[in-house]
Amino acid sequence: MMAYLIRRLLQVIPTLFGISLVSFFLMQLAPGGPIDQMADLNPHVTPEAKARIRHDMGLDRPVYLQYLHWLSQLARLDFGQSFSDHRPVTKKILERLPATLLLNFLAIGVMVFFAVPIGFFSALKAGSFFDKAMGIFVFLGFSMPGYALALGLMIVFGLKLGWLPVSGLSSIYFVPVPWFVRLWDVARHLILPTIVLGLTDLAGLSRYMRNSMLEVIHQDYIRAAEAKGLSWWRVYGVHAARNALIPLITLFGLMLPDVIGGGVIIETIFAYPGMGRLGYEAIMTRDYNLIMAITVISAGLTVAGNFLADVLYAYADPRIRYR
């Protein structure tokens, strides 16, 4: 097992290096730049002033020298300063990261909590009314875009009924309130974006669970367990479900990058102060340092998710360790 983990870890560094290299050079090919974005807002900026600002930011150097400079900063865990407001990129990310972690982990929890039981019982009751109803639900889940669901929920529960807030993470209070009132206020703001993000992949995940469960329950060892007289829960809830979850481990690992970038559209629609919205703002302002920081973090989470999936796979299926 240790040799397998070491082999997987040795692949992480070149993978991250390659992602950062490609991302940096592709970013330079995009039209416009941070100087152009700032100059467009001020018609009095002269070409000489633009050239001086470009020199001060180091954007007049060759692209490969810019990349080497950025790489040397990254080695010191320094993402540089934001081009838009000259604040440290690390500080801006740390301000938004807790909100994104909170929203996305809640969404993943909702997704897994409902998707696994739906897939489990759909497989055991294949062809029943419940299975057909869940099939229609899956079809609707795949067909409806996340932004359409978000706008629909905002109109119904926010504008028409007035039950839930539709933007931000908290309300603006003019007087101090107790902590439990603030906690309830944050919870109300999280309901709609959590539902939208959770339902986005719930349909697909439940279908994966159903198909995996259907394949497992027809195996010989399941029939042998039934012949031994084991209880229903022991046969299906323990033996069958555990083996059916193995293919889903990869999907769970790939959910990790969504913690950063999966909710860009949803965070923008709900004006949620998270990493997704910060990345969108960075792209619109061509904030190179902030874009690269978010890209590297997302790539790191992707690699970490794949590594975690490999570890769980190797733990669940020992045959994987010797491949």
Side-chain angles (χ1 to χ4, degrees), residues 95-122 125 128-210 251 255 257-281 284:
E95 290 175 353
R96 301 290 188 98
L97 188 59
T100 291
L101 293 176
L102 176 62
L103 173 61
N104 285 274
F105 279 127
L106 285 175
I108 291 176
V110 169
M111 186 193 314
V112 174
F113 181 80
F114 287 102
V116 173
I118 288 174
F120 178 82
F121 288 107
S122 295
K125 301 180 180 297
S128 65
F129 173 78
F130 177 81
D131 184 35
K132 294 177 180 178
M134 290 300 101
I136 296 175
F137 169 74
V138 168
F139 176 78
L140 294 176
F142 277 126
S143 303
M144 180 174 293
Y147 68 86
L149 178 62
L151 293 175
L153 293 178
M154 290 171 69
I155 292 173
V156 174
F157 294 99
L159 301 181
K160 298 294 184 181
L161 300 177
W163 291 353
L164 297 171
V166 297
S167 65
L169 182 58
S170 61
S171 302
I172 300 177
Y173 292 102
F174 295 96
V175 294
V177 294
W179 66 269
F180 54 86
V181 177
R182 295 197 299 270
L183 182 63
W184 171 242
D185 180 65
V186 171
R188 293 178 68 246
H189 281 79
L190 285 169
I191 291 176
L192 289 183
T194 299
I195 290 175
V196 174
L197 281 179
L199 291 180
T200 301
D201 294 324
L202 187 150
L205 191 63
S206 65
R207 189 54 39 169
Y208 276 113
M209 181 63 189
R210 178 186 182 274
L251 297 178
M255 287 179 187
D258 291 338
V259 173
I260 297 297
V264 174
I265 297 176
I266 303 305
E267 288 186 5
T268 303
I269 292 176
F270 286 100
Y272 188 82
M275 288 284 292
R277 187 180 173 196
L278 181 64
Y280 171 77
E281 295 170 353
M284 298 306 296

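Residues take their numbers from the sequence shown, with the count starting at 1.
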Nearest heavy-atom pair of Val116 and Met209: which atoms, and what distance? O-CG, 3.7 Å
Applying side chain to side chain contact (heavy atoms under 4.5 Å, CB included), run through Lys132 and Ile136 and close with a yes or a no. CA-CA 6 Å; Lys132 294 177 180 178; Ile136 296 175; 5.7 Å; no
Heavy atoms of other groups near Phe113 CZ, more than 12 under 6.0 Å: no
Taking all atoms of both residues into account, what is the closest heavy-atom pair of Tyr272 and Thr100, and its distance? CE2-N, 4.3 Å
Say whether, by atom type as modelled, one donor and one acceptor occur between the side chain of Arg188 and the main chain of Trp163 under 3.5 angstrom. yes
When you measure from the side chain of Arg207 to the backbone of Gly119, do you find a donor-acceptor pair of N or O atoms at a distance under 3.5 Å? no
How far apart are the C-alpha atoms of Leu159 and Met154, what are their side-chain angles, what is the distance that settles it, and do they pass the side chain to side chain contact (heavy atoms under 4.5 Å, CB included) test? CA-CA 7 Å; Leu159 301 181; Met154 290 171 69; 5.8 Å; no
Candidate pair Arg96 and Glu267, rule salt bridge (charged side-chain N to carboxylate O under 4.0 Å, His left out), full reasoning: CA-CA 11 Å; Arg96 301 290 188 98; Glu267 288 186 5; over 6 Å; no
Would you say the side-chain atoms of Ser122 pair up with the backbone N or O of Arg210, donor to acceptor, closer than 3.5 Å? no
Kindly give the heavy-atom pair with the smallest separation between Arg277 and Ala271, and that separation in Å. NH1-O, 3.2 Å
Any residue meeting side chain to side chain contact (heavy atoms under 4.5 Å, CB included) with Leu106, in chain and number order, not counting sequence neighbours: Leu102, Leu190, Thr194
Hey, does the side chain of Ser128 reach the backbone of Lys125 with a donor-acceptor pair shorter than 3.5 angstrom? yes
Should the pair Phe121 and Phe130 be assigned to parallel (<30°), tilted (30 to 60°) or perpendicular (>60°) ring geometry? perpendicular
Straight-line distance of Leu205 CG to Phe114 CZ, nearest 0.5 Å: 13.0 Å
Ala150 to Phe270 - nearest heavy-atom pair and separation: CB-CE1, 3.7 Å
Can you give me the closest heavy-atom contact between Leu169 and Ala99, atom names plus distance? CD2-CB, 4.1 Å
Would a 4.5 Å heavy-atom cut-off, applied to side chains only, mark Val186 and Arg182 as touching? no
Value for CD1 (Ile269) from CG (Leu192), rounded to nearest 0.5 Å, stands at 11.5 Å
Check the pair Leu197, Asn104 against side chain to side chain contact (heavy atoms under 4.5 Å, CB included), reporting the backbone distance first and the verdict last. CA-CA 8 Å; Leu197 281 179; Asn104 285 274; 3.9 Å; yes
Looking at Phe120, I want to see if its CZ is surrounded by more than 12 non-hydrogen atoms of other residues, nucleotides or ligands under 6.0 Å. yes
At what distance, to the nearest 0.5 angstrom, does CD1 of Ile155 lie from CG of Leu151? 6.0 Å
